[in-house]
Amino acid sequence: MEFAELIKTPRVDNVVLHRPFYPAVEGTLCLTGHHLILSSRQDNTEELWHLHSNIDAIDKRFVGSLGTIIIKCKDFRIIQLDIPGMEECLNIASSIEALSTLDSITLMYPFFYRPMFEVIEDGWHSFLPEQEFELYSSATSEWRLSYVNKEFAVCPSYPPIVTVPKSIDDEALRKVATFRHGGRFPVLSYYHKKNGMVIMRSGQPLTGTNGRRCKEDEKLINATLRAGKRGYIIDTRSLNVAQQARAKGGGFEQEAHYPQWRRIHKSIERYHILQESLIKLVEACNDQTHNMDRWLSKLEASNWLTHIKEILTAACLAAQCIDREGASVLIHGTEGTDSTLQVTSLAQIILEPRSRTIRGFEALIEREWLQAGHPFQQRCAQSAYCNTKQKWEAPVFLLFLDCVWQILRQFPCSFEFNENFLIMLFEHAYASQFGTFLGNNESERCKLKLQQKTMSLWSWVNQPGELSKFTNPLFEANNLVIWPSVAPQSLPLWEGIFLRWNRSSKYLDEAYEEMVNIIEYNKELQAKVNILRRQLAELETENGMQESP
Amino acid sequence: MEHIRTPKVENVRLVDRVSPKKAALGTLYLTATHVIFVENSPDTRKETWILHSQISTIEKQATTATGCPLLIRCKNFQIIQLIIPQERDCHDVYISLIRLARPVKYEELYCFSFNPMLDKEEREQGWVLIDLSEEYKRMGLPNHHWQLSDVNRDYRVCDSYPTELYVPKSATAHIIVGSSKFRSRRRFPVLSYYYKDNHASICRSSQPLSGFSARCLEDEQMLQAIRKANPGSDFVYVVDTRPKLNAMANRAAGKGYENEDNYSNIKFQFIGIENIHVMRNSLQKMLEVCELKSPSMSDFLWGLENSGWLRHIKAIMDAGIFIAKAVSEEGASVLVHCSDGWDRTAQVCSVASLLLDPHYRTLKGFMVLIEKDWISFGHKFNHRYGNLDGDPKEVSPVIDQFIECVWQLMEQFPCAFEFNERFLIHIQHHIYSCQFGNFLCNSQKERRELKIQERTYSLWAHLWKNRADYLNPLFRADHSQTQGTLHLPTAPCNFMYKFWSGMYNRFEKGMQPRQSVTDYLMAVKEETQQLEEELEALEERLEKIQKVQLNCTKVKSKQSEPSKHSGFSTSDNSIANTPQDYSGNMKSFPSRSPSQGDEDSALILTQDNLKSSDPDLSANSDQESGVEDLSCRSPSGGEHAPSEDSGKDRDSDEAVFLTA
């Protein structure tokens, strides 16, 4: 298919662009296969380059022959284009619609994008499972890397390499895989060096109504416990939902069969409930006409912050089991690809100082989201403005980022990255020139040959020039476990993402700049003082030598 | 002292509100001015001090097997829950506190016994730190259009106004007195703020006694005079800050509002801010929400909305924004009133002034603003904040709302204010503490009669002395945000107003951000200053040595300081906290799970078994991140760490404690 077929009118003059907090811009609108471009003839006015894949929904209306297209983006921004000429407007609208909903992944922008920067470090090889394993293999010999899933045959949503207990062989893993939803047998998610406790994750056990059991599964899980120790299984569904899952062949671990484990149910919502929550929240944020009370009740009715609180609470509980109770934890919900990953990754943010650094956080996303098989393609296909009901969309990753922001807000000096880093990740998960978030799992990504055909987001982010935008100037390495508060009073709305386009951030940006200046100036002085001290010391020893021949 | 039935009770438990299972055992003392709880734990001997004047309510709850619970709610939003072993002791404490918390004479208040060890001269200097005559001069008064009037000398015209008042030059004594007779409590229109740039002014008064048809020529002339004092505009806004319905109801009582037909060239405007009773109930409802034990997100948001608190904050802000715009953009003068002109009027005038004039956004300027619009113009501090036992229906969080408005502005303009959040919190604390004389009584007249300045100390001097604690590190006098009028977005942006957990839940330290950006930046700035000094010294030394070397003379080498690592890392690393009760009320949680068999499975994932959760104890232990409190201490504040949180002042209170 050629994009040209979809572009009926590639160019329209005298188009007016309206954006909140910016003066209107008049210029020429051009459509390309992946971008909508508006360039004004004034030299100093910036051009608009907009990825079609960032478009969530469009509305059009006409007044006489003047058409208006309202473009609602996946990053929640809303822009408006006034296009003279009804035909042009209709053509543009239908082209945008078609181009923003391309069926084939291989037609998407990452396959066409040619970077303008020199790749210093190829992000596709920045976070290899073997390297990650080395980080804790010095501390423990109880775990091994398994290549049982090399051909993605045992578990289609797992990566080729996983970490499992050393005492469990690949044959047993194959058996366990048949007993777990989607073949997602329990694997290591996190090793807590301080006390050797671990977080594991998996899919639900397929016990069904007749209480099926699997000796290998029980053996695998128990192999992670030290003698006489207990563990916790955190099920991210309510007991009720977990019980209902049995009718469909799923289920949960019976305590009789897993006597060394205690099961805790922490209900975290999934799929359409989360999607609806996002839609309601963004709607409330965009509605500026209501009074103060209606705003709060709409915020409440969206339930977004309730989800935040639930997810954070479950993650804190998992971390608490590990760090305070000295007990290992197995986490799963149904598939083990959504709420499970929210909990395992947030628990690591709390427990592991490394995951609060830029590199460490990237590794965390690579490991706990991309490798672990969170279906980004399905979940992020549409965002808050989509009105066609699609089953698989859910802002699972955005909720995770929001939770990280909440912890960052409570511990503003403990993270190497800043809010912009989280916003950037949100944007790229939904629309990007990079291949990182394409596909639903490693298997799909391999088939798409993303490593050969697209650029990794990390190749771009980890350039020094880009990194500086995402670095938190307040960061001071904090080796402690950080326990966030989950009280409602401590969990505000993430304005940086939800009110980003509805308010001017001028004064807040100025404050950030001021903060950077204060710290930069301090560093500058520190460097100067150190140089002078050294000079002085040298001079004085010289003098001393002259003094004592 | 005669009101203290039991000065000391032992084996009292102070319940931790976040995790109720955790309680500190200690001794409770009652003194003439404070309730003091001293923990037995020999490591900490942690003390909790509560001023009697901070006590809002005391509740004796049903006796349980463990003792008799006593719940003390404070006006600074602290909540103390004690469990006293003996019912009799509890009753004695309860009866004593009921009396001590409601003094009947001013002389019983803390400020009359509080002695910060300053001599007479220092005290007097403290009282002249904030000088309103200076402030009017700063505004550019008196001038061609405005003059100082002595009509209220000896409070002859209006006993709730100050003696020093600015009125339009063309307003004769006859007009003023005539106008005052046509205004509630004789609070005639006077100047609150003069905007030099365009001669527009903000004036304030009480409602006119217009009833359904009454007129007063002098009052009409008074408004005319205000208009004439601003030659740039041919009208005056009259802003009635009440809801229209309330104002109309007042007409039946012979009061009311200005009729546009009778006053030439006025534009009349209602801005609906609710009355003190609505505000009192609103705060009450919001505090109930804050007090909820482990509320759900819905409980909290629904409760917050239901309290209406943020809606009221927005109404006050809207009024302030309207006036600031009228003055700065339209160049029109504004007369503001409500009923008596001492609550809503004070809120609105001060918010507008704060928006208009960067001076009020500085430390000293903010003190001046409160001194002018609140203290001097007869805001009834004693009645509103219940300093003396009085009518509970007079109590209302009027200035609390103003303070919150300032905080909301600080959130939106982070570089615009010279002071930080702590400054606001400490001012709020002292409005209720009665530790300083500033906020005593209901008017200047009463304060003069009581000889407040001779007998008590000024808060402003105390705050000024400790100003290092109150600075906003992001403030720079030459920053664009610190210049001119603050421009809020024109679109009604409702989500601008946020719940202020730093105020209303400020004693729940675990709920606050565990690391303070403000304190961090202050520490950086302090280090920067030291570095600047060191740099200068080093350069000097280097130059000297180089000179000496040139002269080939011997120099005695001094030990050079070892290069030190930036000094603020330590305080930050130790700031963390203990986990909360994340298991919440989960029925399925193991410790309560019915399926649990043996005893050792009774794991409790709370802090009970964690000794390290106490501040100071584990500050340096690597993982048991138990410290929660260091973050609120400013790096320079080792000596005088802000003590207001516990109502304790180190200089003075120890003496009181010893005499107990």
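Throughout, a chain's letter reflects where its sequence line sits, starting with A, and its residues are numbered from 1.
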- [ ] Would you please say whether a donor-acceptor pair under 3.5 Å links the side chains of Arg514(B) and Gln410(A)?
- [x] yes
Open item on the list: I'd like to verify something: which residue of Met297(B), Gln529(B), Arg476(B) has the highest number of heavy-atom pairs under 4.5 Å with chain A?
Closed with: Met297(B)
TODO: Let me know if Thr306(A) has heavy atoms under 4.5 Å from chain B in its side chain, its backbone, both or neither.
DONE: both
TODO: For Asn472(A) and Glu416(A), indicate whether the former's side chain and the latter's backbone hold a donor-acceptor pair under 3.5 Å.
DONE: no
Task: Short N-O contact, Arg533(A) and Glu534(B), less than 4.0 angstrom - done: yes
- [ ] Give the member of Glu539(B), Met511(B), Gln546(B) that has the highest number of heavy-atom pairs under 4.5 Å with chain A.
- [x] Met511(B)
Task: Residues Glu495(A) and Arg500(A) bridged, charged N to O under 4.0 Å - done: no
Task: Heavy-atom pair count under 4.5 Å with chain A, highest-scoring of His479(B), Glu508(B), Gln481(B), Gln512(B) - done: Gln481(B)
- [ ] Would you mind checking which part of Leu312(A) comes under 4.5 Å of any heavy atom in chain B, side chain (CB onward), backbone (N, CA, C, O), both or neither?
- [x] neither
Open item on the list: Using heavy-atom distances under 4.5 Å, tell me whether Asn303(A) contacts chain B through its side chain, its backbone, both, or neither.
Closed with: side chain
TODO: Considering only heavy atoms and a distance below 4.5 Å, find which of Pro473(B), Ser480(B), Cys415(B), Ser298(B) pairs most often with chain A.
DONE: Ser298(B)
Open item on the list: Contact between Asp402(A) and Ile497(A) at the side-chain level, heavy atoms closer than 4.5 Å - yes or no?
Closed with: no
Open item on the list: Between Thr528(B) and chain A, with a heavy-atom cut-off of 4.5 Å, which part of the residue counts as in contact: side chain, backbone, both or neither?
Closed with: both
- [ ] Please flag which part of Ser296(B) lies under 4.5 Å from any non-hydrogen atom of chain A: side chain, backbone, both or neither.
- [x] backbone
- [ ] Go through Pro412(A), Ala487(A), Ser490(A) and name the one with the most non-hydrogen pairs under 4.5 angstrom from chain B.
- [x] Pro412(A)
Open item on the list: Taking ring-ring contact (aromatic ring centres under 6.0 Å, His included) as the definition, give me every residue that meets it alongside Phe499(B), ordered by chain and number, with sequence neighbours left out.
Closed with: Phe300(B)
- [ ] Counting only heavy atoms closer than 4.5 Å, note whether Glu411(B) contacts chain A via side chain, backbone, both or neither.
- [x] backbone
Open item on the list: Do Gln489(A) and Tyr504(B) pair up side chain to side chain, a donor and an acceptor below 3.5 Å, judged on atom types alone?
Closed with: no
TODO: Give, as side chain, backbone, both or neither, the part of Lys528(A) having an atom under 4.5 angstrom from any heavy atom of chain B.
DONE: both
- [ ] Look at the aromatic rings of Tyr507(A) and Phe413(B) and report parallel, tilted or perpendicular, splitting at 30° and 60°.
- [x] tilted
Task: Which atoms of Glu532(B) approach chain A - backbone, side chain, both or neither, heavy atom under 4.5 Å - done: both
- [ ] Select, from Ala416(B), Pro414(B), Ser501(B), Cys290(B), the one with the greatest count of heavy-atom pairs under 4.5 Å involving chain A.
- [x] Pro414(B)
- [ ] Report yes if some heavy atom in the side chain of Tyr232(A) is under 4.5 Å from a heavy atom in the side chain of Arg263(A); otherwise report no.
- [x] no
